[in-house]
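Just below is one structure, and these are the notes that go with it.
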Amino acid sequence: MESDSDSDGSHISATPPRPKPTLISRPRSSQSNSKAKKLFSEPPAPARPDPSPLLSSDLPFQILRRSPGQTLAIPTVDSFVTPGYFSKSAPSFSKNRRVSIDFDPDTYDPPSTFSPPNSKPQPEAGISGSNYSAADWVPPQPEPKVEVANRSGVSSKIVKKNVNLIRGNAPLPPVKLKGGAEGNFVKLNLNGRKRKFLNKGRRGSFSSSSRRKFYRKGKRKLTAQDGNEGDEDGLVTEAIAEQQIRSQEDSKRAKKFDLEAFEEAVAAARSEPSDENLVKLLRLTYGYDSFRDGQLEAIKMVLAGDSTMVVLPTGAGKSLCYQLSAVILPGVTLVVSPLIALMIDQLKQLPHMIRGGLLCSSQTLEEVSGTIRLVQEGGIKVLFVSPERFLNGEFLSIFSATPISLVVVDEAHCVSEWSHNFRPSYMRLRASMLRAKLNVNCILAMTATATATTLSSVMSALEIPPNNLIQKANLRDNLKLSVSSSGNRMKDLLKLIKSTSFKDVQSIIIYCKFQFETEMISRYLCDNNINAKSYHSGIPSKDRTHVQELFFTNKIRVVVATVAFGMGLDKRDIGSVIHYTLPESLEEYVQEIGRAGRDGRLSYCHLYFDDNTYYKLRSLMYSDGVDEYVVNKFLCQVFTSDENLKGKIYSLVKETASRKFDMKEEVMLTILTQLELGEVQYLHLLPEINVTCILNFHKTSPVLLAEKDVLIAAILKKSETKHGQCVFDIPTIANSIGVTTTILTNHLQNLKLKGEVTYEVKDQAYCYTIVEVPADLCSLSAQLTKWLSEVESCKVRKLDAMFNAAVSAVNNCEKMEGCSDAQQTLCLQRKILEYFSEDNVDVPNKMGKSSPFLQADIKVFLRSNSQAKFTPRAVARIMHGIPSPAYASAFWSKTHFWGRYTHIDFQVVMEAAKAELINFVRKDAV
Ligand SMILES: Nc1ncnc2c1ncn2[C@@H]1O[C@H](COP(=O)(O)OP(=O)(O)OP(=O)(O)O)[C@@H](O)[C@H]1O
């Protein structure tokens with residue numbers, strides 16, 4: 001259970017950390033110490049993972065024993081250096097190669113060339129110290145050349161190199177289009193078509209068939225070059241290419257589209273946004289005859305420049321509210337979306353006359369700069385971005401000359417820590433920030449699932465006046481809801497799917513919490529002649545896309561999925577959603593059943609629940625918890641005691657810090673974001689980067705190169721030589737010459753393109769500059785811990801409310817009016833309504849408050865693991881079967897106490913552990 005629950009990419013999820021790829025170290029040849037070999041040597045063998053991180057963990061029970069924070073030795077920053085500064089002869093920056101190193105945690109997978117998570121740089125014999133001398137350098141062997149054909153068919157020779165750019169994204173060779181179109185302009189023009197709309201004639205002639213070939217070719221190249229990339233990257237690239245092909249087909253079909261009439265309707269709606277004009281534009285854009293409930297109201301408010309909060313049920317047509325507004329508004333509409341998959345879906349769903357674009361971390365340099373160019377040229381009307389983009393100054397600067405008319409915050413509940421799906425990066429989306437950085441005054445926030453508390457916190461962050469709320473019922477009334485408690489869910493599920501109500505249902509989604517469940521159930525259904533496939537984030541993206549395609553084309557009847565399948569999914573004829581596992585909140589339940597019946601037809605939603613699943617889920621709710629003294633230690637490290645703090649870039653390597661503080665990466669990010677956006681701004685977060693760089697020189701000797709290049713000179717001064725490679729910390733070098741890390745890595749990339757160097761980066765880190773050192777770290781730690789524990793309690797309450805709704809639907813339903821024939825629709829609707837209007841109430845729970853054996857078991861556990869260090873929280877987590885960064889399940893699940901007390905309240909177990917640990921320490925002292 002512990003290892004494979006799925007996450008939707010949200011901040012506080014029950015998902016244990018995904019295993020990261022490990023590097024297989026090869027045995028080293030004893031003769032491999034020649035200098036030439038040193039420069040081409042394999043990366044250093046990773047250190048063996050510590051079998052028990054506890055032994056080296058810095059987490060003693062002695063609460064007051066605080067280890068001092070690590071101090072970053074960062075030299076003073078003298079001045080800000082422009083890109084050309086590095087090159088002593090000529091500026092070496094190519095503007096269009098520059099790319100911001102942005103990071104979307106929802107899709108990030110570290111490139112496989114990186115060191116394994118537990119590896120630490122090992123001191124090696126033969127390290128020559130931090131300074132290079134000319135004698136250290138031996139020219140490397142030439143690298144093999146491969147032929148690559150460009151679009152025009154002319155083959156060009158390029159050097160095949162290790163794809164070790166930041167995120168492993170090697171830039172594509174420039175592709176020249178006939179007729180003057182440039183680069184991969186067309187490929188990026190996601191809704192390109194024939195560019196009749198507003199930029200007539202800008203694109204050169206590019207026939208449909210050649211375009212198809214181009215996309216296919218581009219796709220192949222990208223696949224080859226993205227070999228080291230995360231799974232989602234292939235998905236983005238493919239979606240972009242497929243979108244292009246689809247746009248072509250649409251374009252042919254839409255020949256009859258009357259551009260003139262459309263442009264007239266836009267102009268009319270712009271000058272007078274009356275009901276009549278808007279309906280006319282709706283008809284021309286979508287072919288719909290009327291607006292759905294809430295749509296017209298929302299569009300009119302946005303056109304009047306009023307920030308608006310829209311709460312409409314799933315499938316009610318929220319996207320149309322911003323799409324139609326975008327057509328009428330003069331500037332760009334920026335849509336912030338939490339998941340790349342969601343952005344891709346929305347991009348694909350844009351009507352062909354609305355030109356869309358997408359910026360995400362997994363795009364190539366050309367794709368990013370091409371999209372930015374299009375935005376600046378007015379070639380994109382709707383731009384989808386992830387919230388992490390707002391960390392990036394370069395991204396924000398795009399809009400200095402390009403007006404944004406509207407910012408749309410999709411899935412706006414993510415802004416609030418009191419929602420089921422809080423994301424720290426969404427905290428950045430404050431009205432004040434959007435006004436200051438983007439000069440935006442109108443915000444449209446949209447969600448299907450927000451409780452009263454969530455709504456009020458979102459509206460306050462986005463400064464949406466209370467009167468500007470458009471809210472309709474949370475549920476559509478074509479959903480028939482039923483619940484049952486089951487001792488044998490597999491059998492009951494099969495019976496249900498074969499029952500009369502379900503037997504004619506063509507498309508069914510079955511939601512599970514854990515990946516193994518999806519595999520197990522889909523196999524079981526296939527064995528029973530039901531065509532089913534599983535879907536979860538552990539499946540390669542290509543296979544996932546394939547499953548989705550099979551489902552959308554009705555080639556499979558059932559998809560058994562985790563939460564990874566759902567948000568934004570718009571298959572209209574899904575006739576049933578079944579919850580094999582209890583959702584974690586009523587919000588999640590409403591969101592997931594909202595996939596059914598989008599065509600308006602009666603659809604069936606069944607929910608199974610049982611006590612054991614509830615206990616397991618409730619345990620997982622505690623996996624983010626932190627103790628005050630750990631927060632204090634964390635803050636000590638963040639505000640390291642350096643005299644000259646201001647302006648310097650600091651970094652915290654995620655993996656190392658997470659294990660050191662036994663704190664999930666998302667929790668660290670939440671604290672850091674709060675330190676930036678709370679009442680006092682203590683720091684300024686920068687985009688996450690890999691901070692350790694391993695550099696190899698190729699053409700010119702390092703010393704000669706350093707004579708021409710200030711950056712290389714600084715690197716040689718402050719780096720170490722390991723296995724003939726130059727290893728340095730990116731922020732340290734950036735600080736020493738007073739540039740940003742982005743400028744530094746862009747410069748390295750430039751040198752790489754010239755064949756001077758190759759490099760790898762590793763150690764993903766949070767980067768920040770310090771604005772103000774807190775006067776009292778203890779009280780700040782106390783405040784932050786209190787806040788985090790309230791967030792945790794809120795999550796637990798949400799699960800309790802979900803479980804209670806299910807229990808009461810089964811137990812009390814007959815007494816309620818209208819529920820019959822195993823349908824609990826009215827009863828559940830009532831519960832959902834109550835919950836969404838007043839969620840902040842304590843709900844009774846059925847957790848045990850004591851156990852006769854608990855204390856004794858903890859005692860035995862501590863004795864049998866006396867070599868390890870524990871906190872009460874760590875012991876309680878083990879008793880509840882919750883893995884954490886420092887207490888991995890791979891090791892600790894072997895103890896027979898693992899998960900033994902899931903039925904006893906977590907706080908109770910923690911108190912018992914605390915008492916036992918005190919006894920243990922006292923006895924030890926005696
Ligand atoms: N006025 C309308 N008339 C007919 N169909 C509409 C109308 N507005 C939207 N739709 C259709 O309803 C479907 C659902 O729309 P959309 O995906 O925008 O819903 P949503 O509210 O964003 O749902 P979710 O929250 O699940 O993402 C789409 O297929 C869309 O084309």
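Since this is a predicted model, take the numbers as computed values, not measurements. In listed order, ligands and their atoms are each counted from 1.
In terms of N/O distances under 3.5 Å, ligand 1 is not approached by E411. Inclusion of Q295 in the set of residues having an N or O under 3.5 Å from an N or O of ligand 1 is warranted. The N/O atoms of R292, backbone and side chain alike, include one that comes under 3.5 Å of an N/O atom in ligand 1. The shortest N or O to N or O distance between G315 and ligand 1 is below 3.5 Å.
The shortest distance between side-chain heavy atoms of V407 and L429 does not fall below 4.5 Å.
With ring centers used as reference points, F609 lies under 6.0 Å from F803. H579 and H606 have their aromatic ring centers separated by at least 6.0 angstrom.
Residue-ligand proximity: L312 is placed with every non-hydrogen atom at 4.0 Å or more from ligand 1.
Distances from atom 26 (O) of ligand 1 to the heavy atoms of R572, K318, Q591, R598 show the closest one on R598. Residue G317 holds the heavy atom nearest to atom 19 (O) of ligand 1 of all those in G594, G600, G317.
The atoms of ligand 1 that sit less than 4.0 Å from any heavy atom of S290 are 1 (N), 2 (C), 3 (N). Proximity to R595 (heavy-atom distance under 4.0 Å) selects the following atoms of ligand 1: 26 (O). In the vicinity of P313, heavy-atom distances shorter than 4.0 Å reach the ligand 1 atoms 21 (O). Close contacts between ligand 1 and L320 involve ligand atoms 8 (N) [criterion: under 4.0 Å to a heavy atom]. Close approach of ligand 1 to S319 (heavy-atom distance below 4.0 Å) involves ligand atoms 16 (P), 17 (O), 18 (O), 22 (O).
Few gaps surround NZ on K472; more than 12 heavy atoms of other groups in view lie less than 6.0 Å from it.
Listed by first then second residue, pairs satisfying salt bridge (charged side-chain N to carboxylate O under 4.0 Å, His left out) with a partner in residues 318-339 number zero, not counting sequence neighbours.
When all heavy atoms of P583 and L799 are compared, the closest pair comes out as O-CD1, 3.8 Å.
Scanning for salt bridge (Lys or Arg N to Asp or Glu O under 4.0 Å) contacts around E264 gives an empty result, with sequence neighbours left out.
Relative to the six-membered ring of F551, K533 misses at least one condition, a distance below 6.0 Å or an angle of at most 45° to the axis.
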